[in-house]
Amino acid sequence: MTTLDAPLDIGGVEVPNRLYRAPVLECAGNGEGAVETLIDELEPTAASGVGLIFQGASVVSERGGCAAPNMTRVHDPTFVSRLSRLTGAIHDHGGRIFVQLAHGGLRSMATWHAEYRRRHPDQRQLAVSRPPWQLRALDRAGLVSLQPDVLSTEEVWGLAEQFGRCAGYAVDAGYDGIHLSAANMSLIQQFLSPFYNRRDDEFGDGVRFLEAVHDAVRDHAGDVPLVTKVPAETAAPSFVRRHLTREEGVAIAERAAEIGYDGLVPVEVSTFWDMSIVRGAFPERAWAADDLQDDYAAVFGSRVRARAVEALNRLQARRFDRDPGWNAAFCRAVRERVDVPVLLEGGLRTRDDCDRYLGAAGAEATPAADMVGMARPFYAEPRLGTRLLAGEDALCASCNNCTVPQVTGEPGRCRTPSVVREQARLRRDGAYDRPD
């Protein structure tokens, strides 16, 4: 019997409760105001009592690798040292913060963002192997732009070392742990996926890259808690025959635990960057926003192409409807096979769902996870933890109106008037004030 407010040990670090903020874009970049933006975004979450915050995907390379505009890079130790102000602010509220390290690989902006390609015409994408024929077909049709640099064995080792160096910078800045972005078509997922990985060296076994990163993190950051997402490509389109099954995802999780990972986040995803990662309603309001039409055209190459992406988004919304805790079955299968904490995210919105998947009060005969997390609901309610820990539910309507504008560089914020009004009312009524 586990309750949401029970503490948990992850790799020797005690987290005060079982609620976490899942990684999501903070859109802070690396400019003069980056640290303040991150503090403004994440400190309210810690102040509301959330036990663990995962700072969103932060890119380990100096150039390329960003999957969306305004992502923060953590390759520069001087910049990362300034983030001690952020970690100190989180610790002042009794919270813990891990940074998620990432690289986009073939998902990088040079592949899909037309305006970015115009400004960086020579930028190429790191690739595990020659891109799959499906992506090459999209390239020939002019819908994406592929200029892949397939990593040599030596370069793969160098990339793993770069993950380790960035982990060391983060620990020096006060971060409590490291989280690897190994899903949502990231470069690490591309190593793990048979759809992308056709290598004939030792890294043809994608888990070997997870092992190399683990060892590099230990070399540069010591025994810091190390968590990774673990993908199962169950949402892959039917025309993709080679992909990670759930059973293969469980096997990857077992091997990651044996290597020495201190926590696992099993997620069911696609082989592509699609609505399988933000399941819910079609974001009608976001696509129709008058002030974003020129930006969409610049991002996708024209108004016609933007409308084509919108149509595809509408179709996918029908397939990927929100199912609270959609990763629960995968998490439960992993939890039965490993002895490290398993973290569940994906569509959770109510306190009852949190309790159910933790197994509180016998709600689940076999708990699905040791922690539960939410991401987009914190765009609507930065201090959501106060209400969740008190037994209430998130306001988030899973409408996805917060996500689509981010392709243009817009910050993550709730754009649904009814939710914004209710959040304002709750704030006025003191619903987000924590009891003494």
Side-chain angles (χ1 to χ4, degrees), residues 21-46 53-90 97-105 107-121 123 125-126 162-163 165-167 169-170 172-175 178-181 184-187 273 278 286 291-292 294-296 298-300 375-376 378-379 382 402-415:
R21 172 173 166 143
V24 68
L25 290 174
E26 295 93 9
C27 306
N30 285 78
E32 184 176 341
V35 177
E36 287 298 334
T37 297
L38 287 166
I39 292 173
D40 290 346
E41 184 80 12
L42 299 178
E43 185 181 13
T45 301
I53 295 170
F54 288 125
Q55 181 178 318
S58 303
V59 180
V60 300
S61 61
E62 181 177 2
R63 297 181 69 251
C66 288
N70 299 327
M71 292 177 69
T72 298
R73 297 184 185 274
V74 288
H75 69 286
D76 178 9
T78 301
F79 170 79
V80 178
S81 68
R82 292 167 49 204
L83 294 172
S84 61
R85 292 179 51 219
L86 167 65
T87 60
I90 302 303
I97 181 168
F98 291 17
V99 64
Q100 186 183 58
L101 301 182
H103 193 289
R107 182 188 154 184
S108 299
M109 290 174 65
T111 302
W112 63 271
H113 195 294
E115 176 64 18
Y116 183 88
R117 289 199 304 270
R118 187 187 66 78
R119 290 185 278 110
H120 303 86
Q123 193 165 111
Q125 308 98 349
L126 295 187
Q162 180 64 10
F163 272 88
R165 280 193 291 268
C166 293
Y169 304 154
D172 288 344
Y175 284 89
I178 304 299
H179 184 319
L180 298 185
S181 174
N184 302 345
M185 201 185 155
S186 71
L187 185 62
W273 188 20
V278 286
D291 60 324
L292 293 175
D294 289 343
D295 293 329
Y296 289 148
V299 168
F300 298 113
R376 287 171 291 163
F378 285 98
Y379 283 158
C402 60
T403 59
V404 172
Q406 290 182 311
V407 303
T408 72
E410 284 286 305
R413 60 181 176 86
C414 183
R415 293 169 176 266

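By convention here, the first residue in the shown sequence is residue 1.
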Taking atom [atom1] of [X] and atom [atom2] of [Y], what is their separation to the nearest 0.5 Å?
X: L38; Y: I97; atom1: CG; atom2: CD1; value: 8.0 Å
X: C402; Y: Y379; atom1: SG; atom2: OH; value: 6.5 Å
X: Q123; Y: C66; atom1: CD; atom2: SG; value: 8.5 Å
X: F54; Y: S181; atom1: CZ; atom2: OG; value: 12.0 Å
X: S81; Y: D76; atom1: OG; atom2: CG; value: 8.0 Å
X: L42; Y: T87; atom1: CG; atom2: OG1; value: 11.5 Å

Check whether any side-chain heavy atom of [X] lies under 4.5 Å from a side-chain heavy atom of [Y], and answer yes or no.
X: V407; Y: W112; result: yes
X: M109; Y: P69; result: yes
X: F378; Y: V24; result: no
X: Q55; Y: Q100; result: no
X: I178; Y: L101; result: yes
X: R107; Y: S186; result: no
X: T72; Y: E26; result: no
X: V74; Y: Y169; result: no

>> For L25 and Q406: C-alpha separation, side-chain torsions, deciding distance, then whether side chain to side chain contact (heavy atoms under 4.5 Å, CB included) applies.
In response: CA-CA 8 Å; L25 290 174; Q406 290 182 311; 3.7 Å; yes

Please name all residues satisfying salt bridge (Lys or Arg N to Asp or Glu O under 4.0 Å) with [X], sequence neighbours left out, ordered by chain then number.
X: R415; result: E410
X: R21; result: E41
X: D172; result: none
X: R85; result: E36

Any side-chain to backbone donor/acceptor pair from [X] onto [Y]? Under 3.5 Å, distance only.
X: N70; Y: A28; result: no
X: H113; Y: Y116; result: yes
X: Q162; Y: V60; result: yes
X: R73; Y: N30; result: no

Distance-minimising heavy-atom pair for [X] and [Y]:
X: A375; Y: P23; answer: CB-O, 4.2 Å
X: A114; Y: F300; answer: CB-C, 4.0 Å
X: I90; Y: A46; answer: CD1-CB, 3.8 Å
X: A57; Y: M71; answer: O-CE, 3.3 Å

> Side chains of S108 and Q125: is there a donor and an acceptor less than 3.5 Å apart?
Replying inline: no

>> Under the ring pair (Phe, Tyr, Trp, His ring centres under 6.0 Å) definition, can you give me all pairs with a residue in residues 23-46, not counting sequence neighbours?
In response: none

> Hey, is CZ on R82 packed in by over 12 heavy atoms from elsewhere, all under 6.0 Å?
Replying inline: yes

> Can you list the residues that meet the ring pair (Phe, Tyr, Trp, His ring centres under 6.0 Å) rule with Y175, with sequence neighbours excluded?
Replying inline: none

> Centres of the H179 and F98 rings: under 6.0 Å?
Replying inline: no

